[in-house]
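Reviewing the structure listed below.
Order of the sequence lines sets the chain letters (A, B, ...), proteins ahead of strands, with each chain counted from 1.
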Number of protein chains: 2
Amino acid sequence: MNTTTLKKISEVLGISISTASRALKNHPDISEKTKAKVIELAQTLDYEPNANAIHLRTNNNRLLGIVVPSISNFFYDAFIAAIEEEARQQGYSVMILQSGDNAEVEANNLKLLRQNRVCGVFACITPTTTQMQPFEKLLAMQIPVVFFDKVPDYANCIRISIADAEAASMAATALNEAGIKKVLAIFGNPAMSITKKRMQAFSNTIQFPKSCRLIHAHSFYEAYTLTKTHCSHKPLPEAVFCMSDEILTGTMKAILELGLQIPKQIKVIALSNGFFPQLYYPIITYVETSGYQLGKLSFHKMMACINGDRTSTELTVPCSIIKGGSL
Amino acid sequence: MNTTTLKKISEVLGISISTASRALKNHPDISEKTKAKVIELAQTLDYEPNANAIHLRTNNNRLLGIVVPSISNFFYDAFIAAIEEEARQQGYSVMILQSGDNAEVEANNLKLLRQNRVCGVFACITPTTTQMQPFEKLLAMQIPVVFFDKVPDYANCIRISIADAEAASMAATALNEAGIKKVLAIFGNPAMSITKKRMQAFSNTIQFPKSCRLIHAHSFYEAYTLTKTHCSHKPLPEAVFCMSDEILTGTMKAILELGLQIPKQIKVIALSNGFFPQLYYPIITYVETSGYQLGKLSFHKMMACINGDRTSTELTVPCSIIKGGSL
DNA sequence: AAAGCCCCTGCAAACGTTTGCGAAAATGTT
DNA sequence: AACATTTTCGCAAACGTTTGCAGGGGCTTT
């Protein structure tokens, strides 16, 4: 590694390391003449400060960690993109780790982040995360943790999520207003708090709960098969509600397969990030749950924490209904 | 930051820092008794080695950089996921930066990676990248650069991409074998080398080029409108070929809107990452251009480079046709 | 001319590790 | 009992930077 350091610069110029250091950061103590000399030599020698040394010395690496189930996911990639964008603008770097929804991997990831002395962690916990100890260690080190999307039922932590209840409620209201009684509502893994919230709000809001059928699908494929079985025989539900993009795509595949016309034969509404609904014709009506917005909000809260804000809040990104032609 | 260091451990135990260090890495010089003592104290004090210090001292941070146009993209997120997976297994970390297809941002990203003394960079260049200097600096620092997907026309660099020509050719062959003459073939931005390669291979292989129509769509939306205009009046093309997922989704939306039955009224084949084809019914037949595989291959080449391999090659990930029901 | 002051620069410690080398303590060998 | 050997440990330098402090030189002020 042919790397030029402050030492090398100082030796060439016959000055001390500290002078070189100060010259490069435009310190008022240094004369313009030496500043010019140092800066020029630094240019020609392609000096690039060693980030590791700076971090070690200053104990501030401006590094943020993200632990996410999977990067290749239409929700989390938007979240990550938002964080990365903001971070770069603010001079922070991000370290992104995938947990694969495996609690053990998650714990290892957190360890790695601790060892790297990140100054903040965004975490979306796995469905099987029970041990909060790795997170507590972070907090003990005064490293703020912002939980997003899949947040723990854990007292006094910072939780930022989609306005789950509100979103599900909005969808239910839209169904009510359309005068729809018989709904097939498909939710995700019932063990997740996000599912619980959405399901509860939905059933509380929907006008004719008794004529609805609420079911759970754990995957794209299960959403597909379940929709197929529920919609292959009469009487069809009037509408399908999909709790997530994953479920929406599965459901839509079944609807395509069955050749059902939207919205004539069946209506569809979903909670979605916004990308998938537009792929279909007609565009699916959905309540937007934006990973991008979630990222922005999370980042701002993180900045507040780093700047001393220690209040543990539960924030939600507001949501809005985007009308397509499926209702 | 309430952080415990080797120094603290050594002070508590009345031993030297070096002994503590060696004890924790099971160095043979240290007696079992002291090892046990040190390890136990480290446990209870939650000692986590400071990665920055280690990196500074050992000049090896096992950190890899990725520069990608956008994280929230169905191709790159798979690529990134593959890299992250492998990296973590091998004890490497990754730093992911988005260029937003902006050459200036790209240059800044590379600078950041240099400053962090990464030991390798994966780069997918922007369409407007002309200055190769930031990359050359990396190479001058002996940091290997693996270009992937969008690779520069630049001598002596490591390029890893989808077997573009081969993939397009395979799709054309499949159309030939199905006895299809009249194809609507939709390609992407003609300025990109990836488009050129795919288009040329396609037209060279297709059996009845004169009855085919080759057009360009620059976006999802353009693919949608173009497909709509080309397929809304008789005689319909027998099949549509889509160069990418972006185009496929646009085309499919038009087909859904027009209510055309696949494969009865129109056939579809695409080059794809593999995710979108399965969303439809029937599953779209496609030639797989896997971002995930690309990531795996890139990573292995990177490991080879880090271990001394300095041969500049041009690799491609093999592709295969995945038969759905759309042809 | 002595004292005071401002400019500029260098010294040295510190951040938390790793590691070559030397030395003390323990053990084995004549 | 003297010596050789092994085991176990500590010293100190190094990685590249930042930063408090002190000090030398030139200037102005009484």
Thr19(B) side-chain N/O to dG10(D) phosphate OP1/OP2 under 4.0 Å: yes
Sequence-distant partners of Asn108(A), side-chain hydrogen bond (donor to acceptor under 3.5 Å, both in side chains), two or more places apart: none
In whole angstroms, how far is the C1' atom of dA14(C) from the CD1 atom of Ile17(B)? 12 Å
Leu56(A) near the nucleic acid: base, sugar-phosphate alone, or nothing, with a heavy-atom cut-off under 4.0 Å? base
Between dG16(C), dT19(C), dT17(D), which nucleotide gets closest to the side-chain atoms of Ser21(B)? dT19(C)
Check whether more than 12 heavy atoms from other residues, nucleotides or ligands sit under 6.0 Å from atom CD of Glu104(B), and answer yes or no. no
Taking for each residue the nucleotide of DNA chain D with the nearest heavy atom, is it Ile15(B) or Thr58(B) whose nucleotide lies nearer the 5' end? Ile15(B)
Would you mind telling me which of dA12(C), dG20(C), dT17(D) lies closest to the side-chain atoms of Tyr47(A)? dT17(D)
Tell me every residue that passes ring pair (Phe, Tyr, Trp, His ring centres under 6.0 Å) with Phe148(A), counting only those two or more places apart in sequence or in another chain. Phe79(A)
Looking at Asp46(A) and Lys137(B), is any side-chain nitrogen of the basic one under 4.0 Å from a carboxylate oxygen of the acidic one? yes
Between dG10(C), dG16(D), dT19(C), which nucleotide gets closest to the side-chain atoms of Arg22(B)? dT19(C)
Considering only dG10(D), dT17(C), dT17(D), which nucleotide approaches the side chain of Ala53(A) most closely? dT17(D)
Candidate nucleotides dG10(D), dT17(C), dT19(D), ranked by approach to the side chain of Ser18(A) - the nearest: dT19(D)
Just how far, in rounded Å, is P of dT17(D) from CG of Asn59(A)? 18 Å
In whole angstrom, what separates Glu48(A)'s CD from dC15(D)'s P? 19 Å
Mind listing the side-chain donor-acceptor pairs of residues 298-309 of chain B below 3.5 Å, one per line with the distance, residues two or more places apart or on another chain?
| residue | atom | partner | partner atom | Å |
| --- | --- | --- | --- | --- |
| Ser298(B) | OG | Leu294(B) | O | 2.7 |
| His300(B) | ND1 | Lys296(B) | O | 3.2 |
| Lys301(B) | NZ | Asp309(B) | OD2 | 3.0 |
| Lys301(B) | NZ | Thr311(B) | O | 3.2 |
| Lys301(B) | NZ | Thr311(B) | OG1 | 3.3 |
| Asn307(B) | ND2 | Met303(B) | O | 3.1 |
| Asp309(B) | OD1 | Thr311(B) | N | 2.9 |
| Asp309(B) | OD1 | Thr311(B) | OG1 | 2.7 |

Please table the atom pairs, donor to acceptor, closer than 3.5 Å between any side-chain atom in residues 155-163 of chain B and protein atoms at least two apart or in another chain.
| residue | atom | partner | partner atom | Å |
| --- | --- | --- | --- | --- |
| Arg159(B) | NH1 | Pro152(B) | O | 3.1 |

Please name all residues satisfying ring pair (Phe, Tyr, Trp, His ring centres under 6.0 Å) with Tyr47(B), sequence neighbours left out, ordered by chain then number. none
N/O (side chain, Thr5(A)) to phosphate O (OP1/OP2, dG16(D)) under 4.0 Å: no
With the threshold set at under 4.0 Å for non-hydrogen atoms, list the residues of residues 27-44 of chain B touching DNA chain C in residue-number order. none
